[in-house]
There are 4 protein chains.
Amino acid sequence: MAVRTRGGRGKQPTASDTALLAAAPPESPVPRRLLAVATRLFADKGFDRTSVQEIVAAAEVTKGAMYHYFDSKDDLLAEVYARVLRLQMQRLEAVAAEGGPVQDRVRRAAADVVVTTIANLDDATIFFRSLHQLSEDKQREVRAERRRYHELFRSLITEGQEQGVFTDRVPADIVVDFYFGSVHHLSTWYRPDGELTAEEIGGHYATLLLDALRPGGGTATMG
Amino acid sequence: MAVRTRGGRGKQPTASDTALLAAAPPESPVPRRLLAVATRLFADKGFDRTSVQEIVAAAEVTKGAMYHYFDSKDDLLAEVYARVLRLQMQRLEAVAAEGGPVQDRVRRAAADVVVTTIANLDDATIFFRSLHQLSEDKQREVRAERRRYHELFRSLITEGQEQGVFTDRVPADIVVDFYFGSVHHLSTWYRPDGELTAEEIGGHYATLLLDALRPGGGTATMG
Amino acid sequence: MAVRTRGGRGKQPTASDTALLAAAPPESPVPRRLLAVATRLFADKGFDRTSVQEIVAAAEVTKGAMYHYFDSKDDLLAEVYARVLRLQMQRLEAVAAEGGPVQDRVRRAAADVVVTTIANLDDATIFFRSLHQLSEDKQREVRAERRRYHELFRSLITEGQEQGVFTDRVPADIVVDFYFGSVHHLSTWYRPDGELTAEEIGGHYATLLLDALRPGGGTATMG
Amino acid sequence: MAVRTRGGRGKQPTASDTALLAAAPPESPVPRRLLAVATRLFADKGFDRTSVQEIVAAAEVTKGAMYHYFDSKDDLLAEVYARVLRLQMQRLEAVAAEGGPVQDRVRRAAADVVVTTIANLDDATIFFRSLHQLSEDKQREVRAERRRYHELFRSLITEGQEQGVFTDRVPADIVVDFYFGSVHHLSTWYRPDGELTAEEIGGHYATLLLDALRPGGGTATMG
DNA sequence: TATGAATGAGGGTTCATTCAT
DNA sequence: AATGAATGAACCCTCATTCAT
């Protein structure tokens with residue numbers, strides 16, 4: 001990580017906290033303001049179409065200042081990825097660590113990732129669109145962290161399948177990719193002024209996932 | 001459309017046909033070759049990171065020739081979008097027009113879009129990653145066509161819900177966005193050398209969708 | 001001259017004829033149409049900013065056709081120059097050949113060149129703005145022809161000075177350059193919807209010239 | 001104005017000062033050097049035929065440096081216009097503010113603009129030839145400033161007409177356009193190695209103007 | 001007489017980054 | 001901790017012209 005000055009943050013922020021992170025008021029310290037502004041611009045116009053000049057202008061900072069805190073424009077993007085991965089992981093770990101029936105934990109996790117994603121739509125937009133704009137090294141790191149996240153989620157699915165509360169007609173791996181595809185694409189169609197709240201969408205998504213995992217009958221494979 | 005010279009293509013190509021389209025042999029006419037090469041490069045490195053110079057070099061064509069056939073680099077991307085939209089729409093229309101129980105048609109459509117997407121992974125990669133790099137005008141066109149596609153798919157879901165063979169716990173709109181999110185993200189994780197064939201993945205995805213839509217019991221919303 | 005096909009034109013066209021030349025209807029023969037269109041565009045946007053593509057599009061002709069009739073874009077411009085020089089020379093020669101007192105002939109020539117210039121404003125615009133865009137060779141030709149024109153006009157001034165009806169306080173050379181500067185710049189400020197007609201302006205310009213040449217008193221050189 | 005760093009200049013420079021401005025020695029700061037070189041090249045070959053590459057090469061500066069100081073090539077041209085307008089306006093204002101009979105002030109102004117124009121022939125060449133190559137916005141600004149200049153000059157003519165020391169046979173507006181046409185065209189025919197000095201030509205031009213404005217008899221309009 | 005695909009050199013401009021201060 | 005002038009490579013695109021047909 002290249003940011004040389006940054007205070008730690010309390011763990012387990014709520015979804016609404018995380019939205020505040022992105023809103024970074026102009027009086028906040030320089031690196032934070034740069035990150036906030038960059039997130040906004042990257043989501044808006046894409047990484048490659050956002051110039052360093054625009055970022056520093058929007059953050060009311062000089063170029064020199066930016067290069068003082070960040071190694072490169074790339075590094076700025078890497079920080080965005082690090083932030084969102086850290087956040088999602090924290091939330092999933094919290095849910096996974098709770099007690100209760102596995103299907104309840106899966107539902108909570110599934111709904112929560114939707115709500116958090118919607119609360120940080122810019123992050124989500126960047127996440128699914130800009131991975132290839134990161135350097136090879138950093139891509140690898142991101143992918144590795146992402147894999148850890150998926151594996152944790154998958155372990156919950158597997159736990160349910162082993163207990164028989166979930167069907168295993170479809171491999172847990174596939175289920176996880178299937179679900180997170182849906183989640184990532186929220187940034188493509190979700191509009192804050194739509195009919196449904198983030199919580200309602202989270203509920204629906206979780207329902208679709210849980211219903212798909214219901215054991216019993218199953219739909220016959222066509223043929 | 002900006003390509004000024006191009007013959008029509010036969011209707012209702014199979015999934016394997018479509019893969020061939022992208023592979024465009026070197027002796028094919030200039031615009032086709034450019035499109036094939038551009039698709040490859042855009043998927044590989046992203047639109048903004050692919051220079052016109054690289055495209056024409058890979059297509060063994062001069063820049064002037066490229067600009068003779070395409071209005072701009074943007075236009076090249078627009079053609080990729082037009083092609084994939086046309087293809088997917090044709091296939092969905094074909095499936096929708098078939099007879100048989102609605103759940104069979106949905107399953108076939110759901111599985112087919114997966115297979116077709118995998119057969120044209122480059123297109124899919126570009127599709128979900130580069131829309132914002134298209135000009136406003138062209139974005140609007142793409143979105144409009146995409147909407148028509150979604151609406152056709154949604155009408156199948158609605159039909160099933162009205163017949164009572166699908167649950168309506170989750171609105172058909174949400175179901176469609178949920179499913180196509182999963183589909184679009186295939187390009188993120190699918191690898192040709194993986195354990196499962198395209199058809200198997202299509203089967204699993206269709207199963208997850210159909211199972212989620214099974215009527216009956218349902219999973220209680222967490223309380 | 002590079003245009004290979006062009007009928008001769010009657011001599012001594014009136015000012016209104018010449019305006020018609022520029023309006024060239026679309027059904028007129030190809031080279032004439034090209035010349036008319038080019039004149040319009042060169043005056044509008046300047047020679048360098050007018051592409052051959054635009055010219056042939058506006059003339060509803062293909063590029064190949066244009067290059068069949070003209071050697072180059074440059075050649076098109078040369079033709080415009082040739083046309084305007086020919087025209088102005090013809091008119092001046094006609095006036096000079098008339099009888100009557102020299103001051104009447106000068107007045108007529110001075111007024112007529114204004115009216116003709118206004119009737120062919122596009123030509124005038126091009127004339128004073130695009131000479132340097134012609135090849136060296138062609139520039140030389142244009143300048144030579146222009147010199148012949150100036151010399152003819154100057155001979156009228158000299159004639160008046162020798163007769164004593166014009167003052168010779170200012171050398172005839174300077175008078176000529178002085179006057180044609182004014183005339184060329186008509187294209188800079190004249191607007192067809194202005195208060196004065198072309199004839200009125202011609203009258204005023206001729207009056208200014210003739211009054212400046214009145215012998216007698218003269219204004220004392222400052223000092 | 002787009003040049004971001006430039007000190008003011010002393011007021012009321014003499015004609016010979018202004019010629020020095022254009023000669024900008026090589027050790028002068030980057031923007032000044034660029035402007036000097038650009039003026040030279042634009043006058044020589046025309047704006048459109050002068051490439052940015054040529055400018056920066058002649059100024060011994062990199063392209064990046066040029067774009068650091070100027071927004072565009074267009075901006076460079078706009079600066080040339082701003083400079084010449086500023087200069088001419090200053091001089092006219094100085095003359096107009098002097099005392100003495102109005103005909104003396106007009107004569108001085110008329111002669112001075114000729115001398116100044118000849119001292120800055122490159123500027124004059126560019127001025128009358130390249131206005132249409134400026135962006136619409138900048139053209140408007142230039143024209144507005146030019147109008148202010150003309151109006152000041154015209155007010156002197158009007159003053160003389162009202163006092164009866166100038167005839168009003170020709171409207172003051174027309175007189176102004178007439179005279180400045182002549183002045184602008186100096187750049188077309190004046191050669192430093194000619195027989196007459198700048199001051200002599202200025203004298204002649206002023207004489208022609210003043211003589212044309214002499215009241216009395218007048219030349220009868222031809223009938 | 002006319003086409004239009006193709007050329008290839010050059011156009012203006014942008015941009016992430018460096019470095020002396 | 002911060003500046004901002006300067007770099008230099010790369011970018012997309014335009015264009016007059018040619019040539020096989």
Side-chain angles (χ1 to χ4, degrees), chain A residues 4-5 29-31 47-57 60-77, chain B residues 3-5 29-31 34 47-56 59-77, chain C residues 4-5 29-31 47-57 61-77, chain D residues 3-5 29-31 34 47-56 59-77 133:
Chain A
R4 291 151 195 136
T5 322
V30 168
F47 179 77
D48 282 327
R49 307 222 166 164
T50 304
S51 71
V52 170
Q53 183 51 49
E54 285 173 299
I55 295 169
V56 299
E60 293 174 278
V61 151
T62 62
K63 257 185 219 186
M66 195 215 97
Y67 277 96
H68 180 72
Y69 288 106
F70 295 90
D71 291 342
S72 63
K73 186 186 166 193
D74 213 81
D75 191 29
L76 220 32
L77 179 58
Chain B
V3 173
R4 290 134 190 151
T5 322
V30 169
L34 280 166
F47 179 78
D48 282 330
R49 306 237 163 153
T50 304
S51 72
V52 169
Q53 183 50 49
E54 287 171 300
I55 296 170
V56 300
E60 291 173 286
V61 151
T62 63
K63 249 187 234 189
M66 195 216 100
Y67 279 97
H68 182 71
Y69 289 103
F70 296 91
D71 291 339
S72 61
K73 187 187 166 193
D74 207 83
D75 192 30
L76 219 32
L77 180 57
Chain C
R4 290 154 193 135
T5 321
V30 168
F47 178 77
D48 282 329
R49 306 218 166 166
T50 304
S51 70
V52 169
Q53 183 51 49
E54 285 173 298
I55 295 170
V56 300
V61 151
T62 63
K63 255 186 222 184
M66 196 216 95
Y67 277 97
H68 179 73
Y69 289 106
F70 296 90
D71 290 341
S72 63
K73 187 186 166 193
D74 212 81
D75 191 29
L76 222 30
L77 180 57
Chain D
V3 173
R4 288 134 193 150
T5 321
V30 169
L34 280 166
F47 179 77
D48 282 330
R49 306 238 164 149
T50 305
S51 71
V52 170
Q53 182 50 49
E54 286 172 299
I55 296 170
V56 301
E60 293 174 283
V61 150
T62 62
K63 254 188 231 190
M66 195 215 98
Y67 278 96
H68 183 69
Y69 288 103
F70 296 91
D71 291 340
S72 60
K73 186 187 166 192
D74 208 81
D75 192 30
L76 219 33
L77 179 58
Q133 281 150 339

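No hydrogens, no waters, no symmetry mates; every other heavy atom, side chains included, goes into these values. In what follows, chains carry the letters A, B, and so on, assigned in the order in which the sequence lines appear, proteins first and then strands, with residues in each chain numbered from 1. Just so we're clear, the structure is a prediction, and the values are computed from it rather than from any experiment.
Residue Lys73(C) comes nearest to Phe47(C) through the heavy atom pair NZ-O, 2.9 Å, listed as atom of the first residue, atom of the second, then distance. The shortest heavy-atom contact between Lys63(D) and Val56(D) is CA-CG1, 3.9 Å.
Atom CG of Leu34(D) and atom OH of Tyr69(D) lie 9.0 Å apart (nearest 0.5 Å).
With sequence neighbours left out, Ser72(C) forms a side-chain contact (heavy atoms from CB on, under 4.5 Å) with Asp74(C), Asp75(C). Applying the side-chain contact (heavy atoms from CB on, under 4.5 Å) rule to Ser51(C) yields the partners Gln53(C), Glu54(C); only residues at least two apart in sequence or on another chain are considered.
The CG-P distance, from Asp75(D) to dG12(E), rounds to 15 Å in whole Å. Across the protein-nucleic acid pair, Arg49(B) atom CZ and dC12(F) atom P stand 13 Å apart, rounded to whole Å. As rounded to whole Å, 11 Å separates atom C1' of dA10(F) from atom CD of Glu54(B).
Listed candidates were dA2(E), dA1(F), dA6(E). Nearest to the side chain of Tyr69(A) is dA1(F).
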If the sugar-phosphate is the primed atoms plus P, OP1 and OP2 and the base is the rest, what is the B/S/- string for nucleotides 16-21 of chain E, using protein heavy atoms under 4.0 Å? SBB---
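For the pair Val52(B)/Tyr67(B), a side-chain contact is recorded, criterion being any heavy-atom separation below 4.5 Å from C-beta on. Considering only heavy atoms from C-beta on, Leu76(A) comes within 4.5 Å of Met66(A) through its side chain.
DNA chain F contains the following stems of three or more consecutive Watson-Crick or G-U pairs, with both distances under 3.5 Å: E:2-21 with F:2-21.
Residue His68(A) has a polar side-chain atom (N or O) positioned under 4.0 Å from OP1 or OP2 of dA1(F).
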